[in-house]
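In the text below, chain A, chain B and the rest are named by the order of the sequence lines, each starting its count at 1.
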Amino acid sequence: MKIKPTTLNAYKLLHEGSLALAEVESHGMRIDTERLDRTINKASERIEKLERKLKEDDIFKDWKKEFGLKTSLGSRVQLGKVLFENLGYETKRRTKTGRAKTDEKALEELDLPFVKDYLRMEKLKKLRGTYLHGVKREVVDGILRPSFNVHLARTHRGQSDTPNFQNIPIRDPMIGKAIRSCFIPRDGHVLVEIDYGALEFRVCACFWKDSAMVEYASDSNKDIHRDIAMECYKLALGEVTKDSRFYAKNQFVFPELYGSYYVNCAKNLWSAIESGDLKTKQGTGLYEHLKSRGIKGPHAFENHIQWVEKELLKMFPDWAERRTEWWNKYRKRGWFRLMTGFVMAGVFTRNELMNFPIQGPAFHCLLWSLIRLVKWMKKEKMRSCIIGQIHDSIVADIHRDELDDYLVKAKQVMTRDVREAWPWIITPLEVDCEIAKTNWFEKREFAI
DNA sequence: ACAAACTGCCAC
DNA sequence: AAACGTGGCAGTTTGT
């Protein structure tokens, strides 16, 4: 694969982007190292307690009998052998080498106390190893400086490592709190996180130039993920929760836009419904809800999702048509162009052709804004600084006296200036802001 | 003994 | 015909 900037501005974006991110790295983020140590100790205590409990279980006795001195709790191959061969539990799920899968989903189906404790222990180990120790290892004088690059991801997305600042847990509140509360503002500062609303869907509309999609992405009363959640789960407007919207977004809308189809979408959506975690806003389980609406099992649900897929294609007919044209054009030429001025040449799959023109330019909007803001803050000799970037959001450590200025400027740059620079952005852009006074976990929505 | 591959899980 | 995409990291297993 070969990627080339074909315009001076495209070249400048990466050059100046690298410089701006180097500046971001040099600022670094403040870490509450004492809290970090306390949290590591607490996690260790809980891990040890769970380990002791596991070792008293009969299943572990079998495990020990089978593997003797080689017994290792961290070995899922061993766990799989004990559960699915020795003890005779059954699973259809296989890894690509043919072994029984031992991931969270496969294990949860067993509904065994031993396995539940095992999964809880593994989650805590992940927290302690990847995140808590991952941060501790890299902190110098109370400051963490993750690397941010713009030249490594195939799609032109940004990337972060040592430690990866872009995958700090947030969805599990217990785990999220443990690690995020260790990220704190400097004295007299607050943490400010500004993210683009529905950036990827907006860029998607800009790329396909589907008039209905553009209209959809331009109307702040409309919300594609919420509206599709209503269709997928047969919900009324007031019944959609954050969770049901989340699943509609990540297991239907984006998958469909990037090349998946109703069978796989239905399968994934259904397993979330079956787990019982999803409810209407009024508290009815979605399983019961769908049953009362005539969808009684996975088969009926798949038919329903096939219908939703057809609706999506009807909603955005230009998109449906232009996908094929786009793919055929690439097949003829062997290369394609991003809206931000980069040419990508080489062998790509169909799904990559659907994804790359959107994922890269979406990040480029963020990068363009970040460059502007970093330059501005430097020029103004502000005490505040940008400390990180997460694909469609900018994290900053802002002095309280500079908060208003920063918010106004950030909104201006992110929603208006970038559109002036790039006329291909034919939808409005919106940003949401969160502020954390004590630590990153405590961030709260804040109206600019 | 070391490297690569595999598996799993965290984020957008 | 085929069936979302991008990343990092840890621990184990397999290959050289």
For the pair A:Ser160 (side chain) and A:Phe165 (backbone), establish whether a donor and an acceptor sit closer than 3.5 Å, ignoring hydrogens and angles. yes
Phosphate contact (C:dA2 OP1 or OP2) by A:Asn351 side-chain N/O below 4.0 Å: no
When the distance from CZ of A:Phe348 to C1' of C:dT6 is rounded to whole Å, what number comes out? 14 Å
When all nucleic acid strands are considered with a 4.0 Å heavy-atom cut-off, which category describes A:Arg137: base, sugar-phosphate, or nothing? sugar-phosphate
Less than 3.5 Å apart, any donor N or O on the side chain of A:Trp440 or A:Glu193 sitting next to an acceptor on the other? yes
Write down the distance between CZ (A:Phe356) and C1' (C:dG7), rounded to a whole number of angstrom. 12 Å
Could you tell me if the side chain of A:Met29 sits less than 4.5 Å from the side chain of A:Asp397, heavy atoms only? no
Between atom NZ in A:Lys125 and atom P in C:dG11, what is the gap in whole Å? 9 Å
Please state how far atom CZ in A:Arg154 lies from atom C1' in C:dC4, giving the value in whole angstrom units. 14 Å
I want to check one thing: is the phosphate of C:dA3, taken as OP1 and OP2, less than 4.0 Å away from some side-chain N or O of A:Arg323? no
At under 4.0 Å between heavy atoms, what does A:Arg350 touch on the DNA or RNA strands: base, sugar-phosphate, or nothing? nothing
What stem regions, each of at least 3 consecutive Watson-Crick or G-U pairs below 3.5 Å, can be found for DNA chain C? B:1-12 with C:5-16
Nearest whole Å is fine: how far is C:dA3 P from A:Asn268 CG? 14 Å
Euclidean distance, A:Arg46 CZ relative to A:Arg128 CZ, rounded to 0.5 Å: 12.0 Å
Please check: side-chain N/O of A:Tyr196 versus main-chain N/O of A:Met414, any donor-acceptor pairing under 3.5 Å? yes
Can you tell me the distance, in whole Å, between the CD atom of A:Glu122 and the P atom of C:dA10? 14 Å
Aromatic ring pairing A:Phe348/A:Phe336, orientation class (parallel under 30°, perpendicular over 60°, tilted between): perpendicular
Between the main-chain N or O of A:Gly341 and the side-chain N or O of A:Thr6, is there a donor-acceptor pair closer than 3.5 Å? yes
Could you tell me how far apart A:Met121 (CE) and C:dG11 (P) are, to the nearest whole angstrom? 12 Å
Counting side-chain heavy atoms from CB outward, which of C:dT12, C:dA3, C:dT6 is closest to A:Ser75? C:dT12
Just N and O in the side chain of A:Gln251: are any of them under 4.0 Å from OP1 or OP2 of C:dC4? no
Working to the nearest 0.5 angstrom, can you tell me the gap between A:Leu235 CG and A:Met230 CE? 8.0 Å
A:Lys267 atom NZ is separated from C:dA2 atom P, nearest whole Å, by 15 Å
Between C:dA3 and A:Ser260, is there an OP1 or OP2 to side-chain N/O distance shorter than 4.0 Å? no
Within 45° cone and under 6.0 Å: A:Arg337 NZ/CZ vs A:Trp335 ring: no
Once base and sugar-phosphate atoms are separated, protein heavy atoms under 4.0 Å mark nucleotides 7-12 of chain B, 5' to 3', with B, S and - as SSBBSB
With the six-membered base ring of C:dG5 as reference, does the ring of A:Tyr258 sit under 5.5 Å away with planes under 30° apart? no
Any side-chain heavy atom of A:Thr91 within less than 4.5 Å of one from A:Lys101? no
